[in-house]
Amino acid sequence: MSGLKALIAVTCVVVIGGVGYFIVADMNAKKASEAREARQERARACEERAQTMEAGNQSGDDLLVLIECTNNGAMTQDRMNRAITAVGRRINGG
């Protein structure tokens, strides 16, 4: 009988470990998905700010926001430069 008890105990440990593994894997997948969505939202907000600047609607913190976007990887340096160049052209009448 003690062999049967040991088998049942080992089976329980394996089942609990397997369930725990899948719960942790699911939680990690959810965190990764949420992080990906947050990055996409930041990139969208940064692009909207650049387009707003290019359209002639500047605000005092545009440059700081675009620098932060670039530093955080939500926008490329090239994209930031194009937005700033467009504003410079507009200011200079070109």
Side-chain angles (χ1 to χ4, degrees):
M1 274 311 234
S2 68
L4 182 59
K5 286 181 183 179
L7 179 61
I8 291 171
V10 169
T11 302
C12 288
V13 169
V14 169
V15 168
I16 291 170
V19 169
Y21 172 80
F22 285 110
I23 288 172
V24 169
D26 186 53
M27 289 178 6
N28 288 339
K30 183 177 180 182
K31 286 180 185 177
S33 176
E34 289 171 353
R36 185 173 40 258
E37 289 173 8
R39 281 192 307 273
Q40 289 171 344
E41 177 60 27
R42 281 193 306 271
R44 185 195 59 75
C46 291
E47 180 58 28
E48 282 182 8
R49 179 63 78 105
Q51 290 176 358
T52 300
M53 286 176 62
E54 290 171 339
N57 302 318
Q58 292 89 27
S59 65
D61 67 342
D62 282 337
L63 185 58
L64 295 176
V65 170
L66 292 187
I67 289 171
E68 182 178 332
C69 289
T70 303
N71 289 342
N72 291 333
M75 175 181 283
T76 64
Q77 181 75 38
D78 182 57
R79 179 65 183 108
M80 182 182 81
N81 291 342
R82 286 193 322 248
I84 293 169
T85 301
V87 171
R89 278 192 214 118
R90 183 178 297 281
I91 290 171
N92 292 324

**OP:** Work out which heavy atom in Ser59 is nearest to a heavy atom in Asp62; give both atom names and the distance.
**Re:** N-OD2, 2.8 Å
Subject >> Heavy-atom side-chain contact between Asp61 and Arg49 under 4.5 Å >> reply: yes
Original post:
Rounded to the nearest 0.5 Å, how far does CZ of Arg82 lie from CE of Met80?
Top reply: 11.5 Å
Subject >> Over all atoms of both residues, closest heavy-atom pair of Leu7 and Thr11 >> reply: O-OG1, 2.7 Å
Original post:
Looking only at heavy atoms, what is the nearest atom pair of Met75 and Ala50, with distance?
Top reply: CE-CB, 3.8 Å
Subject >> Under 3.5 Å: donor-acceptor pair, side chain of Ser33, backbone of Ala29 >> reply: no
Subject >> Minimal non-hydrogen separation, Met53 against Leu66, with atom names >> reply: SD-CD1, 3.2 Å
Subject >> Crowding at CD, Gln51 (>12 non-hydrogen neighbours, <6.0 Å) >> reply: yes
Original post:
Are the charged groups of Glu41 and Arg44 less than 4.0 angstrom apart, N to O?
Top reply: yes
**OP:** Step by step, work out the side chain to side chain contact (heavy atoms under 4.5 Å, CB included) result for Leu64 and Glu68.
**Re:** CA-CA 6 Å; Leu64 295 176; Glu68 182 178 332; over 6 Å; no
Original post:
So, are Lys30 and Asp26 salt-bridged, with charged N and O less than 4.0 Å apart?
Top reply: no
Subject >> Single-linkage hydrophobic cluster Val14~Phe22, side-chain heavy atoms < 4.5 angstrom >> reply: no
**OP:** Identify the residue among Ile91, Asn92, Val87, Thr85 that makes a side chain to side chain contact (heavy atoms under 4.5 Å, CB included) with Arg89.
**Re:** Thr85
Subject >> Under-4.0 Å salt bridge between Arg79 and Glu54 >> reply: yes
